[in-house]
Amino acid sequence: MEATTNSTPQAPSGEGRNLANIVYILYLVGFVTGLTALAGVVMAYMNRTTSDAVAANHFEHQIAIFWRGVIIMVINIVLYMLIGALSFMTLGIGAILYIVPLALGIYWFVWTLIRVIKGMNALGRGETFTPGSTPAITTASNPQPERQEPSL
């Protein structure tokens, strides 16, 4: 008997795909509760080695989202404490610097939201998540033109 290999990317299995979607949803709910994101990362760690390649890619992506968020939140807490001490020492003048951790928090929120939405979209299409990739949107009525090299 000869074994055949399938070189085309396979869609995630039903269970792996469902679990990856649940983790994405837990991350979205985590914006409100916080603890659901922790439950989501535990689920991602538990399932990343037992899932197919596409679902495992999404679990790895979800773990990276979680740890980047933790790092940003630790930096934010340290900034708030330092700016609080500076504000106390300058009799409130340093309070204007509170805009820095606020901006960092907004950046984290938007970055995480975009990553979760892009990840859910890629998972829905059965594709792996690759950071920085945005699928081209084409329609039958508006195909993208072929790129031609200029002739010399």
Side-chain angles (χ1 to χ4, degrees), residues 8-139 142-147 149-150:
T8 60
Q10 59 181 4
S13 65
E15 183 179 347
R17 183 178 183 166
N18 289 339
L19 288 173
N21 262 327
I22 289 170
V23 173
Y24 281 126
I25 292 167
L26 288 172
Y27 279 12
L28 290 174
V29 175
F31 286 129
V32 179
T33 64
L35 288 178
T36 59
L38 185 60
V41 78
V42 168
M43 285 178 62
Y45 270 114
M46 289 174 45
N47 293 296
R48 70 179 172 166
T49 57
T50 59
S51 298
D52 59 84
V54 174
N57 171 271
H58 283 274
F59 289 133
E60 292 292 332
H61 167 65
Q62 292 162 344
I63 291 167
I65 289 173
F66 177 83
W67 286 114
R68 183 169 181 171
V70 168
I71 290 169
I72 289 176
M73 288 302 114
V74 167
I75 291 170
N76 239 3
I77 290 169
V78 170
L79 281 173
Y80 270 117
M81 291 188 325
L82 289 174
I83 292 170
L86 181 66
S87 295
F88 178 75
M89 290 187 291
T90 60
L91 302 173
I93 297 172
I96 190 70
L97 294 176
Y98 275 120
I99 194 76
V100 174
L102 179 64
L104 185 61
I106 291 170
Y107 164 78
W108 165 80
F109 174 78
V110 170
W111 181 87
T112 303
L113 189 62
I114 289 170
R115 290 295 174 131
V116 168
I117 291 170
K118 282 185 171 184
M120 289 180 88
N121 285 335
L123 185 63
R125 292 187 307 271
E127 299 172 357
T128 59
F129 181 84
T130 51
S133 68
T134 305
I137 299 173
T138 60
T139 62
N142 187 19
Q144 290 191 355
E146 291 286 326
R147 188 173 189 183
E149 295 294 323

**Study point:** Distance (rounded to the nearest 0.5 Å) between T128 OG1 and E60 CD
**Key:** 12.5 Å
Point to revise | R17 (side chain) donor-acceptor with G124 (main chain) under 3.5 angstrom | key: yes
**Study point:** P101 to I83 - nearest heavy-atom pair and separation
**Key:** CD-CD1, 3.6 Å
Point to revise | Distance (rounded to the nearest 0.5 Å) between Y98 OH and L86 CG | key: 9.0 Å
Exercise for review: Find the distance between CG (L82) and CD1 (I77) and round it off to the nearest 0.5 Å.
Suggested key: 12.0 Å
Point to revise | From CA spacing to verdict: side-chain contact (heavy atoms from CB on, under 4.5 Å), V23, V41 | key: CA-CA 7 Å; V23 173; V41 78; over 6 Å; no
Review point. Would you call the rings of H61 and Y24 parallel, tilted or perpendicular, where under 30° means parallel and over 60° means perpendicular?
Key: tilted
**Study point:** Nearest-0.5 Å distance that lies between atom CG in N21 and atom CG in L26
**Key:** 11.0 Å
Study note, to complete from the structure: Output for pair (M43 CE, I22 CD1), nearest 0.5 Å, gives 5.0 Å
Exercise for review: Determine whether L123 and M120 make a side-chain contact, defined as any pair of heavy atoms from C-beta on separated by less than 4.5 Å.
Suggested key: no
Check your understanding: Heavy-atom count around L102 CG within 6.0 Å, excluding the residue itself: above 12?
Key -> yes
Check your understanding: Under the side-chain contact (heavy atoms from CB on, under 4.5 Å) criterion, do L113 and F31 qualify, and how do the steps go?
Key -> CA-CA 9 Å; L113 189 62; F31 286 129; 3.9 Å; yes
Throw together a table of side-chain donor-acceptor distances under 3.5 angstrom for residues 62-71, partners on residues two or more places apart or in other chains.
| residue | atom | partner | partner atom | Å |
| --- | --- | --- | --- | --- |
| Q62 | NE2 | A20 | O | 2.9 |
| W67 | NE1 | Y45 | OH | 2.8 |
| R68 | NH2 | Y107 | OH | 2.7 |

Check your understanding: Closest approach of G16 and F59, non-hydrogen atoms and distance?
Key -> O-CZ, 3.9 Å
Revision key, fill the gap. Note: S87 and A95 closest approach over all heavy atoms is OG-N, 3.0 Å
Check your understanding: Any idea which heavy atoms bring T36 and V29 closest together, and the distance?
Key -> OG1-C, 3.4 Å
Review point. Of the non-hydrogen atoms in A56 and R48, which two are nearest, and what is the gap between them?
Key: CB-O, 3.3 Å
